[in-house]
Amino acid sequence: MSEVSTFHIAGFEINLTRSTIVNHQCQTHIEPKVLKVLLLLAQRQNEVVTHQEIMAHVWAGTEVVPNALQRCIAILRKELGDNAKEQKIIATHPKIGYRLIADVTWHAPNKPAAQNNESAQVTSLKKPVLYPLFSLVLVLVVTLLTMSYWPKETASAFQTVSVLTHTDAHESHAIFNPDASYLIFNRYAGACKSHLWAKHHTTGEETQLTKHAGYYGATSFTPDGRELVFSAKTDCNNTPSKTETNNANNACWSIATLDFAQALSAPVAPQQRFLCQANNLKKPLALSNHNYVFLHSRAGKYSLMRYNDLNKSIQVMYEHKQDVIYHFDYDTRHQRYAIISRTPQLNTYLTLLDKNAKLLSKNPIKLPNNVSKYTNVLANFDAQGNALLTILNGHLYTLEINGHLTAQKTPLSNFVSVEQHPNGHSLIAVVGNKDIDIAQLNSTTTNTQQHESRLNSQSLPFTSLARTSAQERNATYQPHGDNIAFISDRNGHDQLWLWQNSQATQVSSHTARHRIHNYSWSPEGKRMAWVSNDQLMISDLKGNISTVNTDKLLYSALTWYTDNHILVLLHDPVQNGLYDLNLSTNTLTALNINHVENAWVNQEQLIYSTLDGQVFSRVFNETHAPSQHLTALNGKAMFLHDQQLYSVNPTTTTLNQYNLTGQRLKTVMQLKDTAWKVTDLKDNKLLLSQFIAINQEVVLLE
């Protein structure tokens, strides 16, 4: 396809070499970027190409004027005789992307006949007699190996896409009610503005179900369809007391329910069933007779628990000594559980249990080569209970009971979650992406501007380094240099970039969609380290990349604190175990800490934050030394700089300075409720990530 110079769409000839569109004898010169948009749509004919993918492909690494993509589409429609209302050539999928619906005919450039004949003669003279046979054998071997390691792709029956939500908010966790008359979803419009909603499938009327804003997890229905079941955290509207910690980690999780019919009449307050569990509680599902099952974190590992709301008893249904359980689902038709877990060797398994949690089968799930072994397979049963559906790297897969994965070819490639209609004839899905920019602020300037909290208002909290529709984050200053490094998916998936003199340069060059969780500068500032495809990558500033081979697969690179030592994360098999990697010997040393989000080293002191935002300190070289809880710090937005800790109070969004024991020294500046994820400081210049929009919508695939 890369050699194509000419193709036809609806009677129009598109010549890429001359940058023209020809209709009969009329030839029109078109801007190359406009034709680049059309070429991408043509290469993905009848598939929805997202705004983000088009922007990353056509304008990668360049600053874009507002509405550049919309302008290109308008030019193409005008030249191709299309109409925005009728849309016979280019279909618009609001807030998602565009789809070329007209047929495409491709024409490869032809070589002169004499040249072709001469080339064939020369080639035939050079080939040994056995070369064709050897080539055929080699092709067969490669094909067989590829087929054994790559899931087959089948054309899905779900090809028509309809957008069901058209708001500026962020929708998630979409499901049908049992008779499919309503769509249920979570709508997040900023801090303390999250509610559960219902949308009537026929009339389109929307109803807010929850009376109070809060933190609500994925929803499900009781077997009789009368109540919604979900996990809930402490109500946003409760004002924290002075005794509460800065990061509010004392907030409780519970199993909550609400009467669906009553909530359709007027919003109701969720009723707590299993009260206030400080440990994480995931995916509660209702069984019959007021029984609930859920995953509960016990001693750092999840177990499948059963709670009886009548006698208030709780029991362990299933747990495993070695494997780490991270997801489950329940098939009401066949009364069986699907448990998904990861072994210490990072192999993923699908375990089936009967209704009494007795083992039915256990099969390995062979992940595709382009999917990290650390990827969580969050699969849920389809409507018939014969297989499960899951999302990997934004694509839809079917997971068979025997553990076999099959990729489903659909018009979308940016899935977040998916559920099947009770009749099995359609899918309800959440699709989209996050729009995050990097801002650089002067920390000595007091910010007094009032900012109305509206996550998707498209107004910039602060001036961005470069305005893109991509997700750009984790910006840090180069030690002893002028560069700023950051992670961006502006070309379709995570890459490491450098920013200098108002110009962005890509450092990494991954072809697979592996997420970069973190990275670190070397102490001298001439190299960077990050993890991709479960291996540590090290690059100089010119993009020369080397791979560090270790005896275990890695998850993330954190802090390169000496020339030969870097802190890394891996699942051991408990999530996010902290290790010290010796780059001279490529050996890993466990620090006996799990669930780590980030970590810093200051001489003999180790400071680390956990996945729930708590911050701790301990002696670095003593692996069994006790840790001190630094209660005033918020691990979700903090960094170490010049022997001081900087952290954001999530309640007031103020950036504060602390000493190494966690005592507050002063307030640095006021931030904003969508721009507080601080990452670094240098010469009074503060770097942070700011949310511009979370472009997630609920769609129907039929």
Quiz prompt | Pair S509-Q495, side-chain donor/acceptor within less than 3.5 Å | solution = no
Quiz item: If you measure only the distance, is there a donor-acceptor pair under 3.5 Å linking the side chains of Q535 and N549?
Solution: yes
Practice problem: Report yes or no: do S647 and N634 form a side-chain donor-acceptor pair below 3.5 Å? | Solution: no
Quiz item: Between E31 and K36, is there a salt bridge with N-O shorter than 4.0 Å?
Solution: no
Practice problem: Output, in order, the C-alpha distance, side-chain angles, deciding distance and verdict of side-chain hydrogen bond (donor to acceptor under 3.5 Å, both in side chains) for D437 and S464. | Solution: CA-CA 6 Å; D437 280 359; S464 299; 2.8 Å; yes
Quiz item: Is L569 close to E597 at the side-chain level, that is, under 4.5 Å between some pair of heavy atoms?
Solution: no
Quiz item: Does the side chain of P368 come within less than 4.5 Å of L405's, by heavy atoms?
Solution: yes
Quiz item: Only one of Q471, Q690, R467 clears side chain to side chain donor-acceptor pair (under 3.5 Å) with D435; which?
Solution: R467
Exercise. Say whether T654 and Q670, considering side chains only, have a donor N or O and an acceptor N or O under 3.5 Å apart.
Key: no
Quiz item: Any side-chain heavy-atom pair from W59 and K33 closer than 4.5 angstrom?
Solution: yes
Exercise. Please assess H571 against Y555 for the test ring-ring contact (aromatic ring centres under 6.0 Å, His included), listing each intermediate value before the final yes or no.
Key: CA-CA 7 Å; H571 295 352; Y555 178 74; 4.9 Å; yes
Practice problem: Check the side chains of S520 and R527 for a donor-acceptor pair under 3.5 angstrom, ignoring hydrogens and angles. | Solution: no
Quiz prompt | Spatial distance of atom OG (S539) from atom CG (L498) [nearest 0.5 Å] | solution = 8.0 Å
Quiz item: Any side-chain heavy-atom pair from N483 and W521 closer than 4.5 angstrom?
Solution: yes
Practice problem: Please confirm whether the backbone N or O of A599 pairs with a side-chain atom of T559, one donor and one acceptor, at under 3.5 Å? | Solution: yes
Quiz item: What is the minimum heavy-atom distance between L396 and T410, and which atoms define it?
Solution: CD2-CG2, 3.9 Å
Quiz item: Could you state the interatomic distance from CD1 (I14) to CG (L76), rounded to the nearest 0.5 Å?
Solution: 9.0 Å
Self-check item: For H514, ring-ring contact (aromatic ring centres under 6.0 Å, His included) partners two or more places apart
Solution: none
Quiz item: Hey, what do you get for CG (L427) to CZ (F415), rounding to the nearest 0.5 Å?
Solution: 7.0 Å
Exercise. Under the side-chain hydrogen bond (donor to acceptor under 3.5 Å, both in side chains) rule, what do D673 and T653 come out as? Steps first, then yes or no, please.
Key: CA-CA 6 Å; D673 51 12; T653 63; over 6 Å; no
Quiz item: Looking at CD1 of I75 and CD of Q70, how far apart are the two atoms once the value is rounded to the nearest 0.5 Å?
Solution: 12.0 Å
Quiz prompt | Polar contact flag, side-chain donor to acceptor under 3.5 angstrom, T476-Y519 | solution = yes
Quiz item: Are more than 12 heavy atoms from other residues, nucleotides or ligands located less than 6.0 Å from atom CG of D482?
Solution: no
Quiz item: Would you say the ring centroid of Y188 lies under 6.0 angstrom from that of H195?
Solution: no
Practice problem: Indicate the atoms forming the closest heavy-atom contact of N369 with N533, along with that distance. | Solution: O-OD1, 4.4 Å
Practice problem: Spell out, as yes or no, whether a donor-acceptor pair under 3.5 Å connects the side chain of E86 to the backbone of N83. | Solution: no
Quiz item: Below 4.0 angstrom, N of the basic side chain to O of the carboxylate: do D494 and R473 qualify?
Solution: yes
Quiz item: Which pair of heavy atoms, one from S19 and one from L35, lies closest together, and at what distance?
Solution: CA-CD1, 3.5 Å
Self-check item: Presence of salt bridge, E524 and K526, under 4.0 angstrom
Solution: no
Quiz prompt | R515 atom CZ: more than 12 heavy-atom contacts under 6.0 Å | solution = yes
Quiz item: Can you name the closest pair of heavy atoms from T375 and L392 and give their distance?
Solution: CG2-CD2, 3.9 Å
Quiz item: Any idea which heavy atoms bring N576 and V596 closest together, and the distance?
Solution: ND2-O, 2.7 Å
Quiz prompt | Point-to-point distance, once rounded to the nearest 0.5 Å, from CG of L570 to CG of L536 | solution = 11.5 Å
Quiz item: Do W497 and T505 have side-chain N/O donor and acceptor atoms under 3.5 Å apart?
Solution: no
Exercise. Nearest 0.5 Å please: distance from the CD atom of E472 over to the OG atom of S488.
Key: 3.5 Å
Quiz item: Any idea which heavy atoms bring G613 and K636 closest together, and the distance?
Solution: N-CE, 3.9 Å
Exercise. Answer whether the closest heavy-atom distance between the side chains of T105 and F7 falls below 4.5 Å.
Key: no
Self-check item: Basic-acidic side-chain contact under 4.0 Å: E53, R44
Solution: yes
Quiz item: Is it true that a side-chain atom of K434 and a backbone atom of F691 form a donor plus acceptor pair closer than 3.5 Å?
Solution: no
Quiz prompt | Worked verdict on E702 versus S426 for side-chain hydrogen bond (donor to acceptor under 3.5 Å, both in side chains) | solution = CA-CA 5 Å; E702 298 175 299; S426 59; 5.1 Å; no
Quiz item: Does a donor on one side chain sit under 3.5 Å from an acceptor on the other, for Q440 and Y477?
Solution: yes
Quiz prompt | pair L701-T160: side-chain heavy atoms closer than 4.5 Å | solution = no
Quiz item: In terms of heavy-atom contacts, does CG of N544 have more than 12 from other residues, nucleotides or ligands at under 6.0 Å?
Solution: yes
Quiz item: Is the closest side-chain donor-acceptor distance between R99 and N46 under 3.5 Å?
Solution: yes
Quiz prompt | Heavy-atom side-chain contact between V507 and M528 under 4.5 Å | solution = yes
Self-check item: With R187, the side chain to side chain donor-acceptor pair (under 3.5 Å) member among H170, H173, E206
Solution: E206
Quiz item: Is the NZ or CZ atom of K672 positioned over F462's six-membered ring, under 6.0 angstrom from the centre and within 45° of the axis?
Solution: yes
